[in-house]
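Report on the following structure.
Just so you know, these numbers use all the heavy atoms, side chains as well, and skip hydrogens, waters and symmetry mates.
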Amino acid sequence: MAGDMKGRSDCDLDIISMQCDNEARYRKQITITRPIFTEETFQEGYRISTSNSSATAKLRRSCTSNLSSLSGHGLCLAVLKFFPIIGWLKEYNWRKDIIGDVISGLTTAVMRIPQEMAYALLATVPAVYGLYSAFFPVILYAVLGTSKHISIGTWAVVSIMIGNAIDAVIDVELSNINNGTSEMAEMTSGISAEDNTMLRVQIATSLCLLVGIIQTLMGVLRLGFVTNYLSEPLVRGFTTGAAVHVFTSQFPKLLGIKTTRRTGVITLVYTYIELFTKLKQTNPCAVIMSVLALMMLILIAEMNDLQAHKSWCRREGRKGKKLPIPSELFVVICATLASYLGRFEFKYNLSVVGDIPTGVPVPTVPSLRGSMSLFGSAFAMAIVGFAISISMAQLFAKKHEYEVEANQELIAYGSCHIFGSFFRCFPHATSMSRTAVQEGSGGKTQLAGIISALVVVVILLRLGPLFSQLPQCILGAIIVVALRGILRQIKDLPLLWKVNNVDFAIWLLTFLCVCLLGVDLGLLCGVGIALVTIVLRTQIPNSSIIGAIPNTDIYRDVARVPDAREIPGIKIFCFSSSLCFINADNFKNSLFQKVGINPQQRLIAKHKGDINKKLEYSHCDDDEPHNDVDQVQTIIIDCCMFNYIDTVGVKTLQTLITDYDKVDIRVVLANCKETVRQSLLKSATLNKKEAIGLDRMYLTLHDAVADHMPSQKDDNFKHVGVKIQNEISYETGV
């Protein structure tokens, strides 16, 4: 750089200097002249809308809107909203979109069939029930769902939650049989292996019905916003922890070892201890098939990822998409043929899927016996399933420029669960990998989902028995490889550490809680941790003293912006949170500390006849510019960060104003939002003597500063750029 400067002539430097001067000279400027406004004078001069925003008024408007929807036109709109399929079918371009949907449906079906069977075994029910869950809910979602691209069906995280819930219920019920306190005593007494399987199916369908009821009620009550309480770091930490449980649960299948299924705290530790103690029982045939399947699945999956990345990097004008290689179906077919021809089940004692009945199940009413013990698990599944599904739906809706409606999605998911529970389905959600394949292979609408479901029907009606010799270790390998995307989320940690330490803590603690305490309890702890961080950030927010940038109406933190200067005789205090009962004491103490004056201590010293500066609070940061506290005449509280204020906050402000008035210091407010102003005005009913009126509220900080400048002639005030003649007049520029 120095060499470049030396190489330039004096003429070149003069030209550069002239260019800089010209840029500065022609910089846009602002010149404003207007009166100084308090909220009182502003409302006297300008008309303010007095719209009623109370809860009663909102309820009245909602009822009026609902009544108006009962008209003919309103009913048509309601039907279209409840059945989105009518809308997109009317606009469907059969020539342009049908080929993409057909190819996408077939591609997704090829991936869906082995995954659905694998996730069924993960949920501790026979594989065929995964195929049921791949048909009935998918058909209904195409009618009621607002997303055009998500793939409804079984998902690893929800499946492990189902398996844990079933195991927990059976363990509790079996332990209560002898005491006669079991609600399922008739079903669990004298149970055989076949009866145990059917009991698990019954519990799974009961869970499905409960999840459907919960989601439907949430949709009807417009509670789609509840997933906002599940932050992205929380969800990603939770799903990664659940993936560790899923990964661990597949090790016995990959090694051909039979282990005890456990639920509760520290199950991962006990499971790995049992695995290491039973390594001598490893089935060599299962290990060889698992290794070969894993190698092939990982290799093809990486090739598909690379292909998808190249396809994404193409220009939009280039036509054509390469379809992903159906690795799962290829591995399933090869393994099934090898197992059947080599009679691995009998020669090497290899566990296989077993009989898969043909046909679709007859609808039956699911039982709700013992539902109280399932409610907690069902609620967790309803929230987690919806959170993942709506996030995927919104992601692809944004990409393809359409909208999804959260409450309608809740109704759609709930209806799919209720409908599916009559056909032996278990709880499901959106599969991230299948959704990516469905969209990436050219899917335009949920017609692709319908086509994939029809392929599943063909399997159920004709081809199901062909998969009876499929080794379970192959399905375990499919599940492990499908977890790659979720387990890669651990890469979030370095980025979160750099960007936000709180989000890093939420992610890591949620992950550890899920791994150590179990999926359900871990999710609850994660939500609790996230809420605690919000409370702490609300209870102990940042506070600062604000100063003016010379010759502007801009005010900044004097500790962070060296050019910001405090105004003699005035202290401007900013509190970076709403004022409520949680942080009212912190607000008061921070104000005393930053301003440097505790009115109560000053009053005590005043009564003694000696003002001792040792009694005053000093700034916590010695580098902050400050002036003599004895000269402070006005304290301005910047309320721009106050979104609301409760009664405790109002009383705190009233007390501060009264106390500072006693020591001849005026406290005023600036930048008050409408909700804050209304709360302060309504507080007059609590204490009329200490009521905070509009005359203490200023429109902006600059209004408040201009109205409380002690002297115009003092040179100390020239840097503020304010002239007071019942007007604010300031000019910004160079």
Heavy atoms of other groups near [X] [atom1], more than 12 under 6.0 Å:
| X | atom1 | answer |
| --- | --- | --- |
| Phe422 | CZ | yes |
| Glu302 | CD | yes |
| Tyr402 | OH | yes |
| Ile99 | CD1 | no |

How long is the straight-line distance from [atom2] of [Y] back to [atom1] of [X], given to the nearest 0.5 Å?
| X | Y | atom1 | atom2 | result |
| --- | --- | --- | --- | --- |
| Met381 | Leu374 | CE | CG | 8.0 Å |
| Thr107 | Met111 | OG1 | CE | 11.0 Å |
| Phe642 | Lys673 | CZ | NZ | 9.5 Å |
| Ile214 | Leu410 | CD1 | CG | 11.5 Å |
| Ile540 | Asn542 | CD1 | CG | 10.5 Å |
| Asp638 | Phe575 | CG | CZ | 12.5 Å |

As a quick check of understanding, evaluate side-chain contact (heavy atoms from CB on, under 4.5 Å) for Gln115 and Leu475, giving each step before the final call. CA-CA 8 Å; Gln115 278 195 0; Leu475 294 179; over 6 Å; no
Shortest non-hydrogen contact from [X] toward [Y]:
| X | Y | answer |
| --- | --- | --- |
| Ala204 | Ile166 | CB-CD1, 4.0 Å |
| Leu223 | Asn407 | N-OD1, 3.3 Å |
| Gly414 | Gln215 | N-OE1, 3.4 Å |
| Ser151 | Gln438 | CB-OE1, 3.6 Å |
| Leu122 | Gln250 | CD1-NE2, 3.2 Å |
| Ser578 | Asn583 | O-ND2, 2.8 Å |

Working note: Thr675 + Asn643, criterion side-chain contact (heavy atoms from CB on, under 4.5 Å); need CA distance, chi angles, decisive distance, verdict. CA-CA 7 Å; Thr675 53; Asn643 291 317; 5.8 Å; no
Got a donor-acceptor contact below 3.5 angstrom from the [X] side chain to the [Y] backbone?
| X | Y | answer |
| --- | --- | --- |
| Ser249 | Val246 | yes |
| Arg556 | Val561 | no |
| Ser391 | Ile388 | yes |
| Glu116 | Thr154 | yes |

Note, [X] side chain near [Y] side chain (heavy atom, < 4.5 Å):
| X | Y | result |
| --- | --- | --- |
| Ile150 | Glu409 | yes |
| Arg488 | Thr240 | no |
| Gln394 | Lys399 | no |
| Trp155 | Thr430 | no |
| Phe238 | Val157 | yes |
| Tyr92 | Leu447 | yes |
| Ser377 | Ile162 | no |
| Ile152 | Tyr413 | yes |

Applied to residues 524-536, the side-chain hydrogen bond (donor to acceptor under 3.5 Å, both in side chains) test, sequence neighbours excluded, yields none
Could you tabulate the donor-acceptor pairs under 3.5 Å formed by side-chain atoms of residues 128-138, not counting sequence neighbours?
| unit_1 | atom_1 | unit_2 | atom_2 | d |
| --- | --- | --- | --- | --- |
| Ser133 | OG | Tyr129 | O | 3.1 |
| Ser133 | OG | Phe426 | N | 3.3 |

From CA spacing to verdict: side-chain contact (heavy atoms from CB on, under 4.5 Å), Leu234, Leu523: CA-CA 9 Å; Leu234 188 153; Leu523 175 62; 4.2 Å; yes
Students often mix this up, so state it plainly: with edges at 30° and 60°, are the rings of Phe379 and Phe375 parallel, tilted or perpendicular? parallel
Please work out whether the ring planes of His428 and His417 are parallel, tilted or perpendicular, with thresholds of 30° and 60°. parallel
Can you tell whether the side chains of Arg112 and Glu328 come within less than 4.0 Å, N to carboxylate O? no
Does a salt bridge link Lys148 with Glu439, judged by any charged N lying under 4.0 Å from a carboxylate O? no
Set of ring pair (Phe, Tyr, Trp, His ring centres under 6.0 Å) partners for Phe511, sequence neighbours left out: Trp507
Going by the rule ring pair (Phe, Tyr, Trp, His ring centres under 6.0 Å), which residues pair with His245 if we only count those two or more places apart in sequence or in a different chain? none
With Leu512, the side chain to side chain contact (heavy atoms under 4.5 Å, CB included) member among Thr510, Val514, Leu508: Leu508
Please list, chain by chain and in numerical order, all residues satisfying salt bridge (Lys or Arg N to Asp or Glu O under 4.0 Å) with Asp492, sequence neighbours excluded. Arg236
What do the steps show when you test Leu106 against Val102 for side-chain contact (heavy atoms from CB on, under 4.5 Å), and what is the final call? CA-CA 6 Å; Leu106 294 175; Val102 170; 4.1 Å; yes
What I want to check is whether the side chains of [X] and [Y] have a donor and an acceptor closer together than 3.5 Å.
| X | Y | value |
| --- | --- | --- |
| Thr108 | Ser452 | no |
| Thr445 | Asp97 | no |
| Thr146 | Gln408 | no |

The complete set of ring pair (Phe, Tyr, Trp, His ring centres under 6.0 Å) pairs with one or both residues in residues 522-543, sequence neighbours excluded, reads none
